[in-house]
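Only one structure is covered here, and it is reproduced in the block below.
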Amino acid sequence: MRKELDENKPIFLQIKDHVEDSIMDGSYKSGDRVPSTNEFAAFYQINPATAGKGINELVAEGILVKRRGVGMFVTDSAKDIVIEKRKQTFYDHYMLPLKREARKLRMDEDEILEMWKREDNVNED
């Protein structure tokens, strides 16, 4: 787990994002147990209710399932749910603004795709 927390983002969302990122990168697979709210709270030295809020959102979205007395586990459909959710977020936060700006610049699809395909000199991780 990442030890540092970002002061500019609610802690419960950072915990939620951490679990989703771990599902996306394969650290947590279907059926795996994830840390409990108390484990997150102890690790980050935060209130368990804060950690619980992030975990409960993942349960509500079908990404995690609670097994009473045992813990929280990754659902079989968790990765697909996260991918679809993040695709929608990508569309909302990147594609819609891109489309609006392209319209202002009177760019058509071909011009946008040409830019997309253009080699750039930026090193990608």
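The figures that follow rest on heavy atoms only: side chains count, while hydrogens, waters and symmetry mates do not. Since we're looking at a predicted model, the values are computed, not measured.
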Worksheet item: Taking NZ, NE, NH1 and NH2 as the nitrogens, is one of them in D92 or R86 under 4.0 Å from a carboxylate oxygen of the other?
Response: no
Fill in: Any side-chain heavy-atom pair of V34 and L58 under 4.5 Å
no
Discussion item. Do V59 and V65 make a side-chain contact, defined as non-hydrogen atoms from C-beta onward lying under 4.5 Å apart?
Written reply: no
Discussion item. I'd like to know if the side chain of S36 pairs up with that of N38 as donor and acceptor (distance under 3.5 Å, no hydrogens or angles considered).
Written reply: no
Discussion item. Any non-hydrogen side-chain atom of R67 less than 4.5 Å from a side-chain atom of R33?
Written reply: no
Practice prompt. Decide yes or no for V74 and K79: does some side-chain heavy atom of the first lie under 4.5 Å from some side-chain heavy atom of the second?
Written response: no
Worksheet item: Hey, quick one: are I23 and M72 part of the same hydrophobic cluster, counting side-chain heavy atoms closer than 4.5 Å, chains of contacts allowed?
Response: yes
Practice prompt. Take F73 and D32 through the test side chain to side chain contact (heavy atoms under 4.5 Å, CB included) and record every step on the way to the result.
Written response: CA-CA 5 Å; F73 294 85; D32 284 354; over 6 Å; no
Worksheet item: Which atom names give the shortest non-hydrogen contact between F40 and V19, and what distance separates them?
Response: CZ-CG2, 3.8 Å
Item to complete: Determine the minimum heavy-atom distance between N47 and A41, stating which atoms define it.
Response: C-CB, 4.1 Å
Fill in: Gap between atom CD of E20 and atom CG of D25 - 0.5 Å precision
12.0 Å
Worksheet item: Is it the case that more than 12 heavy atoms not belonging to M24 sit under 6.0 Å from its CE atom?
Response: yes
Practice prompt. Please tell me if the side chains of I15 and H18 come closer than 4.5 Å, counting only heavy atoms from C-beta onward.
Written response: no
Worksheet item: Is atom NZ of K99 surrounded by more than 12 heavy atoms (other residues, nucleotides or ligands) closer than 6.0 Å?
Response: no
Discussion item. I'd like to know if the side chain of T75 and the backbone of I63 have a donor-acceptor N/O pair within less than 3.5 Å.
Written reply: yes
Worksheet item: Would you say D80's side chain and S77's backbone share a donor-acceptor pair under 3.5 angstrom?
Response: no
Item to complete: Can you measure from CZ (F43) to CG (L5) and round to the nearest 0.5 angstrom?
Response: 9.0 Å
Discussion item. Are there over 12 heavy-atom neighbours, none belonging to E111, within less than 6.0 Å of that residue's CD?
Written reply: yes
Discussion item. Assigning hydrophobic clusters by single linkage (Ile, Leu, Val, Met, Phe, Trp, Tyr; side-chain heavy-atom cutoff under 4.5 Å), is Y94 placed with V82?
Written reply: no
Discussion item. If hydrophobic clusters are built from ILVMFWY residues whose side chains come within less than 4.5 Å, do L98 and L113 share one?
Written reply: no
Discussion item. Could you measure the distance from the CD1 atom of I83 to the NZ atom of K85? Nearest 0.5 Å is fine.
Written reply: 12.0 Å
Worksheet entry | Cluster link Y44 to I11, ILVMFWY, side chain under 4.5 Å | yes
Discussion item. Could you check whether any side-chain heavy atom of K16 comes within less than 4.5 Å of a side-chain heavy atom of E61, counting everything from C-beta outward?
Written reply: yes
Fill in: Within one Ile-Leu-Val-Met-Phe-Trp-Tyr cluster: F90 and L13, side-chain cutoff 4.5 Å
no
Fill in: Approximate separation, where rounding is to 0.5 Å, of E7 CD and Q14 CD
9.5 Å
Worksheet entry | Nearest heavy atoms of M107 and I112, plus distance in Å | CE-CG1, 4.0 Å
Fill in: Distance (rounded to the nearest 0.5 Å) between I81 CD1 and D76 CG
10.0 Å
Item to complete: Would you check if the side chain of K29 reaches a backbone N or O of G26 as a donor-acceptor pair within less than 3.5 Å?
Response: yes
